[in-house]
Undergrad: 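Structure below; questions to follow.
Protein chains get the first letters and strands the later ones, always in sequence-line order, with residue 1 at the start of each. Just so you know, these numbers come straight off a predicted model, no measurement behind them.
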Protein chains: 2
Amino acid sequence: MAPRTARLSAQDWTRGALDLLMAEGVAALQINRLCADLGVTRGSFYWHFADLTELEAAVAERWCEETRERLDQLAELDRLPPRERLRIMTLHLIDDASWSVERALREWARSTPQVAAVVGESDQHVFELVERAIVELGHDPTVARTRAGLLVYAGIGFAHGQSTLPKPTEADVDQLLDFLAEPAS
Amino acid sequence: MAPRTARLSAQDWTRGALDLLMAEGVAALQINRLCADLGVTRGSFYWHFADLTELEAAVAERWCEETRERLDQLAELDRLPPRERLRIMTLHLIDDASWSVERALREWARSTPQVAAVVGESDQHVFELVERAIVELGHDPTVARTRAGLLVYAGIGFAHGQSTLPKPTEADVDQLLDFLAEPAS
DNA sequence: GATGAACCATACATAGGTGTACGGTTTGGA
DNA sequence: TCCAAACCGTACACCTATGTATGGTTCATC
């Protein structure tokens with residue numbers, strides 16, 4: 001992306017690795033490939049990292065931090081009314097590119113327990129936020145649990161769809177939230 | 001799984017490859033690994049297939065067929081009332097192991113357009129089945145589209161969750177379908 | 001029971017990826 | 001200005017996975 005002007009730091013490598021993950025998936029996470037992207041040779045890599053697994057650990061760690069920050073920002077939505085909160089989270093999921101990292105991470109999580117743990121924690125956190133919002137809308141916990149599960153799973157599914165399925169518009173989201181917010185019959 | 005008694009056919013290889021995909025993902029789809037599973041050496045593989053991509057094509061083709069059959073079975077649910085239809089499809093998704101193949105295939109689809117096409121087609125078909133069922137429940141097309149999208153995306157998400165998130169019980173599914181079936185306010 | 005095709009094992013050659021060794025260049029500070 | 005550390009390039013060894021060549025087994029069939 002940004003033309004390389006100076007020398008690289010470890011952060012530049014983890015940044016590049018995350019970009020690669022987003023763009024081409026775990027299979028593309030190779031040293032040579034990364035060096036090509038960063039315009040540098042293998043010697044540079046092995047100065048910053050002992051080996052590939054050390055880079056992978058650093059990448060996982062970094063994504064973990066970024067995700068935590070992102071979730072903290074979401075937590076600050078607490079001041080907003082619950083309906084608006086859900087709306088922001090959903091729209092954020094749809095048009096942001098964040099899900100493309102998430103997809104790669106979930107793929108990666110399959111073969112790396114450390115990554116799987118972070119992804120699971122993140123899912124759990126989002127689920128709780130959504131569940132709480134629905135409770136605040138006036139539903140009892142059982143209903144909230146069901147509807148939160150539905151929405152969160154749908155979010156994960158959307159991130160993985162890449163799909164021939166229709167991408168929801170903003171109007172669709174509003175209709176969806178009307179639906180999720182409505183009282184049980 | 002089944003002890004190998006006789007010599008292998010091409011179908012045995014595609015079967016083994018699908019098993020491998022299910023169990024360990026695309027990264028494990030290697031000739032040596034497959035030979036070990038089937039208790040045979042590379043010489044056998046290269047008698048049945050010209051190279052790896054030919055096997056991959058055969059595997060994709062086979063999954064395509066199996067999926068089509070599965071969808072045809074779903075289509076036969078047309079005789080059942082729509083509510084029961086949705087119930088069967090949802091329960092089928094939850095406790096069947098079929099989603100573990102699907103997850104691997106979606107992962108694979110990312111790097112193989114041919115596979116992506118098949119997955120997309122399958123998604124589309126399921127979506128239409130669900131949408132139609134909801135229309136038959138008495139909803140107008142706009143509502144049906146939203147709710148069908150929600151349910152199908154949630155299904156995909158569930159398949160990819162592998163997750164710390166709660167796995168819905170049969171009672172949860174019934175509550176969920178009550179919710180999806182209820183008239184718009 | 002002999003024969004050709006189907007099926008498999010073994011032994012290479014090759015390519016691409018990781019990791020190591022070491023020398024060269026850039027940079028900040030004494 | 002000069003030096004030590006930070007940073008990078010180059011060359012090499014190694015391992016693993018693919019693909020090829022070739023010969024050996026097994027099976028059906030006459």
Undergrad: Indicate, with a heavy-atom threshold strictly under 4.0 Å, whether B:Asp51 touches base, sugar-phosphate, or nothing.
TA: sugar-phosphate
Undergrad: Test B:Glu131 against B:Arg147 for salt bridge (charged side-chain N to carboxylate O under 4.0 Å, His left out), laying out the working first.
TA: CA-CA 8 Å; B:Glu131 190 180 26; B:Arg147 300 192 185 183; over 6 Å; no
Undergrad: Considering all heavy atoms of both residues, which atom of A:Val119 and which atom of A:Ala109 are nearest to each other, and what is their separation?
TA: CG2-CB, 4.3 Å
Undergrad: Whole Å only: how far is the CD atom of B:Glu54 from the P atom of D:dG19?
TA: 11 Å
Undergrad: Report the nucleotide, chosen from D:dC8, C:dT18, D:dT18, that has the shortest atom-to-atom distance to any side-chain atom of A:Gln30.
TA: C:dT18
Undergrad: Give the rounded distance in Å between these two atoms: CG of A:Leu55 and P of C:dG17.
TA: 16 Å
Undergrad: Before you tell me yes or no, could you show the steps for B:Arg87 and B:Glu170 under salt bridge (charged side-chain N to carboxylate O under 4.0 Å, His left out), namely the whole-Å CA-CA distance, both residues' side-chain angles and the distance that decides it to 0.1 Å?
TA: CA-CA 9 Å; B:Arg87 188 179 138 87; B:Glu170 198 160 332; 2.9 Å; yes
Undergrad: Inspect the surroundings of CD in A:Gln11 and state if more than 12 heavy atoms from other residues, nucleotides or ligands are less than 6.0 Å away.
TA: no
Undergrad: Expressed in angstrom and rounded to an integer, what is the separation of A:Glu56 atom CD from C:dG17 atom C1'?
TA: 13 Å
Undergrad: For salt bridge (charged side-chain N to carboxylate O under 4.0 Å, His left out), just list the numbers for A:Arg132 and A:Glu128, CA-CA rounded to whole Å, side-chain angles, deciding distance to a tenth of an Å, and then say yes or no.
TA: CA-CA 6 Å; A:Arg132 185 144 38 91; A:Glu128 285 165 7; over 6 Å; no
Undergrad: Please give, in whole Å, the distance from D:dA17 C1' to B:Leu34 CG?
TA: 14 Å
Undergrad: Please state how far atom CH2 in A:Trp13 lies from atom C1' in D:dC7, giving the value in whole angstrom units.
TA: 11 Å
Undergrad: In whole angstrom, what separates A:Tyr46's OH from C:dG23's C1'?
TA: 19 Å
Undergrad: Starting at atom CG of B:Leu52, determine the distance to atom P of D:dT20, rounded to an integer number of angstrom.
TA: 12 Å
Undergrad: Shorter than 3.5 Å, N or O on both sides, protein versus nucleotides 25-29 of chain C: list them out with atom names.
TA:
from   : atom 1 : to     : atom 2 : distance (Å)
C:dT26 : O2     : A:Arg7 : NH1    : 3.3

Undergrad: OP1 or OP2 of C:dA6 versus the side-chain N and O atoms of B:His48: is any pair under 4.0 Å?
TA: no
Undergrad: So if I take every side-chain heavy atom of B:Val40 and compare against C:dG19, C:dG17, C:dA9, which nucleotide ends up nearest?
TA: C:dA9
Undergrad: Could you state the atom-to-atom distance from CG of B:Asp12 to C1' of C:dA6 in whole Å?
TA: 14 Å
Undergrad: Side chain of A:Trp47: nearest nucleotide among C:dT18, D:dA17, D:dC8?
TA: D:dC8
Undergrad: Check whether more than 12 heavy atoms from other residues, nucleotides or ligands sit under 6.0 Å from atom CZ of A:Arg145, and answer yes or no.
TA: no
Undergrad: Can you check whether B:Arg85 reaches B:Asp78 side chain to side chain, under 4.5 Å on heavy atoms?
TA: yes
Undergrad: May I ask you to evaluate whether B:Arg42 reaches the phosphate of C:dC8, defined as a side-chain N or O under 4.0 Å from OP1 or OP2?
TA: no
